[in-house]
Amino acid sequence: MRAFILAAGFGTRLKPITDTVPKALVPVCGEPLLAHNLRRLHNSGVFSAIGVNSHYLHDQMEQFRRGSSIPFELFYEKDKIRGTGGALDFARDFLGGDDTFMVANVDILHKFDIPALAEHFINANRICSLVSIPAGTGGTILYDDSTGDYLGVIADREEVELKYAAGTGSKIAPPVVIKEAEFTGVTFYRREFLGLVNGDDFSVTAIWKRVSAQDYRYIPGIILPKRASSWWMDIGTHEALAEIQEDVKNGKVDLWN
């Protein structure tokens with residue numbers, strides 16, 4: 001399995017820090033975000049290779065790569081920023097080097113049991129699976145609690161509810177139980193998914209929606225990690241940066257073990 005870290009963004013929520021530093025290299029407790037993510041993936045022992053994409057302030061990213069103790073390949077999106085979908089297309093030869101790969105946003109920190117999540121994904125026989133945390137309200141995606149199928153983003157709620165309004169089920173399909181979850185920014189894919197990505201794709205959510213409509217085998221799944229052994233946080237805002245540094249200082253979170 002290969003890993004890919006999405007790190008090309010401008011980090012506008014973290015201005016003015018990101019006026020001179022790429023989002024991936026914003027320091028968190030003395031280390032760049034990217035360093036924390038690389039260590040977590042490398043120490044899992046799951047991945048044969050790690051890739052990272054870049055666009056904004058690429059020279060700093062290249063300098064970091066040369067000095068990194070954890071090797072990774074850097075994919076420079078020189079002409080334009082490509083979004084998640086475009087990033088998968090741009091790095092398709094690398095990602096297709098193994099049967100499966102994992103993609104993660106650089107502006108999250110997490111403590112997931114990656115080997116367990118990877119095993120779950122492989123055994124589930126999905127073309128892709130989104131690592132998500134159940135949310136009563138305030139989630140970012142919708143899923144079917146009875147099957148673990150991804151149904152759409154929160155903005156699709158009306159469309160999803162209309163689609164499954166009958167929802168009485170049948171002998172071969174149970175009623176759809178629509179639940180909300182918070183997508184953590186971590187997704188597992190099979191190599192076959194790359195065949196469904198177009199060069200002009202930008203948003204990956206549009207790809208998930210498009211491929212779901214083609215064949216039931218392509219419906220993305222949801223992986224719900226065990227809460228007791230999981231932690232994650234979006235570090236993309238100034239408030240989050242202050243919070244994580246306070247949590248580390250007070251011993252609530254250990255980013256190194």
Side-chain angles (χ1 to χ4, degrees), residues 1-15 18 21-26 32-34 37-38 41 47-62 64-65 72-108 110 121 126-132 140-141 150 152-156 183-215 218-221 234-236:
M1 179 176 288
R2 298 197 167 190
F4 195 71
I5 300 174
L6 296 167
F10 296 103
T12 54
R13 294 183 297 167
L14 287 173
K15 284 180 168 291
T18 49
V21 178
K23 176 174 63 175
L25 301 185
V26 169
L33 265 170
L34 181 55
N37 278 277
L38 287 169
L41 300 184
F47 305 107
S48 61
I50 300 174
V52 178
N53 71 335
S54 75
H55 173 74
Y56 178 60
L57 298 175
H58 169 74
D59 289 347
Q60 292 184 43
M61 294 288 286
E62 177 58 33
F64 174 84
R65 184 196 65 79
F72 65 92
E73 294 191 40
L74 192 59
F75 294 83
Y76 180 25
E77 300 174 4
K78 182 178 181 179
D79 56 334
K80 62 179 180 180
I81 194 164
R82 297 169 181 268
T84 303
L88 299 185
D89 177 66
F90 191 67
R92 66 169 60 240
D93 289 344
F94 169 81
L95 297 172
D98 282 335
D99 291 339
T100 54
F101 60 93
M102 189 194 91
V103 175
N105 297 338
V106 75
D107 55 359
I108 65 164
H110 60 86
F121 169 66
R126 299 273 189 172
I127 197 166
C128 69
S129 290
L130 289 61
V131 179
S132 307
T140 52
I141 63 170
Y150 164 81
V153 296
I154 290 298
D156 293 338
F183 174 49
T184 66
V186 176
T187 313
F188 289 88
Y189 295 93
R190 296 188 189 278
R191 179 167 48 201
E192 288 76 10
F193 186 87
L194 296 170
L196 305 169
V197 176
N198 299 322
D200 58 353
D201 280 321
F202 189 88
S203 168
V204 74
T205 59
I207 307 175
W208 295 337
K209 184 175 183 178
R210 185 175 71 237
V211 301
S212 295
Q214 293 186 21
D215 190 302
Y218 293 156
I219 294 178
D234 180 344
I235 311 294

Chi angles and distances behind the side-chain contact (heavy atoms from CB on, under 4.5 Å) call for Asn53, Phe4: CA-CA 8 Å; Asn53 71 335; Phe4 195 71; 3.7 Å; yes

Full working for side-chain contact (heavy atoms from CB on, under 4.5 Å) between Met61 and Leu74: CA-CA 8 Å; Met61 294 288 286; Leu74 192 59; 4.1 Å; yes

Minimum heavy-atom distance Leu95-Phe101, with the two atoms named: O-CD2, 3.6 Å

Arg190 to Phe121 six-membered ring, cation-pi geometry met (6.0 Å, 45°): yes

N-O pairing of Arg2 and Asp99 below 4.0 Å: no

Interatomic spacing from OH in Tyr150 to SG in Cys128 - rounded to 0.5 Å: 9.0 Å

Any donor-acceptor N/O pair, Asn105 side chain to Leu6 backbone, under 3.5 Å: no

From CG (Asp156) to OG1 (Thr205), nearest 0.5 Å: 8.0 Å

Beyond-backbone contact of Met1 with Ser48, side-chain heavy atoms, under 4.5 angstrom: no

Ring-ring centroid check Phe183 Trp208, cutoff 6.0 Å: yes

Aromatic ring proximity Phe75/Phe94, centre distance under 6.0 Å: yes

Test item: Arg82 side-chain N/O and Ala87 main-chain N/O as donor-acceptor pair under 3.5 Å: no

Phe72 side chain reached by Leu38 side chain, heavy atoms, under 4.5 Å: yes

Arg191 vs Asp98 side-chain heavy atoms within contact, under 4.5 Å: no

Distance in Å, Leu130 CG paired with Thr187 OG1, rounded so as to fall on 0.5 Å steps: 4.5 Å

Side chains of Val153 and Lys209 in contact at under 4.5 Å (non-hydrogen atoms): no

Minimum side-chain heavy-atom gap Tyr189-Ile127 below 4.5 Å: no

Where Phe193 and Leu88 come nearest, the two heavy atoms and their spacing: CE2-CD1, 4.1 Å

Validation row: Val52, Arg65 side chains within 4.5 angstrom (heavy atoms): no

Pair Ile141-Ser132, side-chain contact (heavy atoms from CB on, under 4.5 Å): steps then yes or no: CA-CA 9 Å; Ile141 63 170; Ser132 307; 3.3 Å; yes

Closest non-hydrogen atom pair between Asn37 and Ile5, with its separation: CB-CD1, 4.0 Å

Asn198 side chain vs Asp200 backbone, donor-acceptor pair below 3.5 Å: no

Side chains of Leu34 and Phe64 in contact at under 4.5 Å (non-hydrogen atoms): yes

Minimum-distance pair of heavy atoms, taken over all atoms of Asp79 and His55: C-CE1, 4.4 Å

Lys23 to Gly11 - nearest heavy-atom pair and separation: CD-CA, 3.8 Å

The single option from Val26, Leu25, Val106 passing side chain to side chain contact (heavy atoms under 4.5 Å, CB included) against Pro32: Leu25

Non-hydrogen side-chain atoms of Asp89 and Asp201 separated by less than 4.5 Å: no

Heavy-atom pair with the smallest gap, counting every atom of Glu77 and Ala8: OE1-CB, 4.1 Å

Atom pair CG (Leu33) and CG (Asp107), whose distance is rounded to the nearest 0.5 Å: 7.0 Å

Atom pair OG/CZ of Ser203 and Arg210 - distance to nearest 0.5 Å: 10.0 Å

Side-chain (Thr184) to main-chain (Val131) donor-acceptor, under 3.5 angstrom: yes

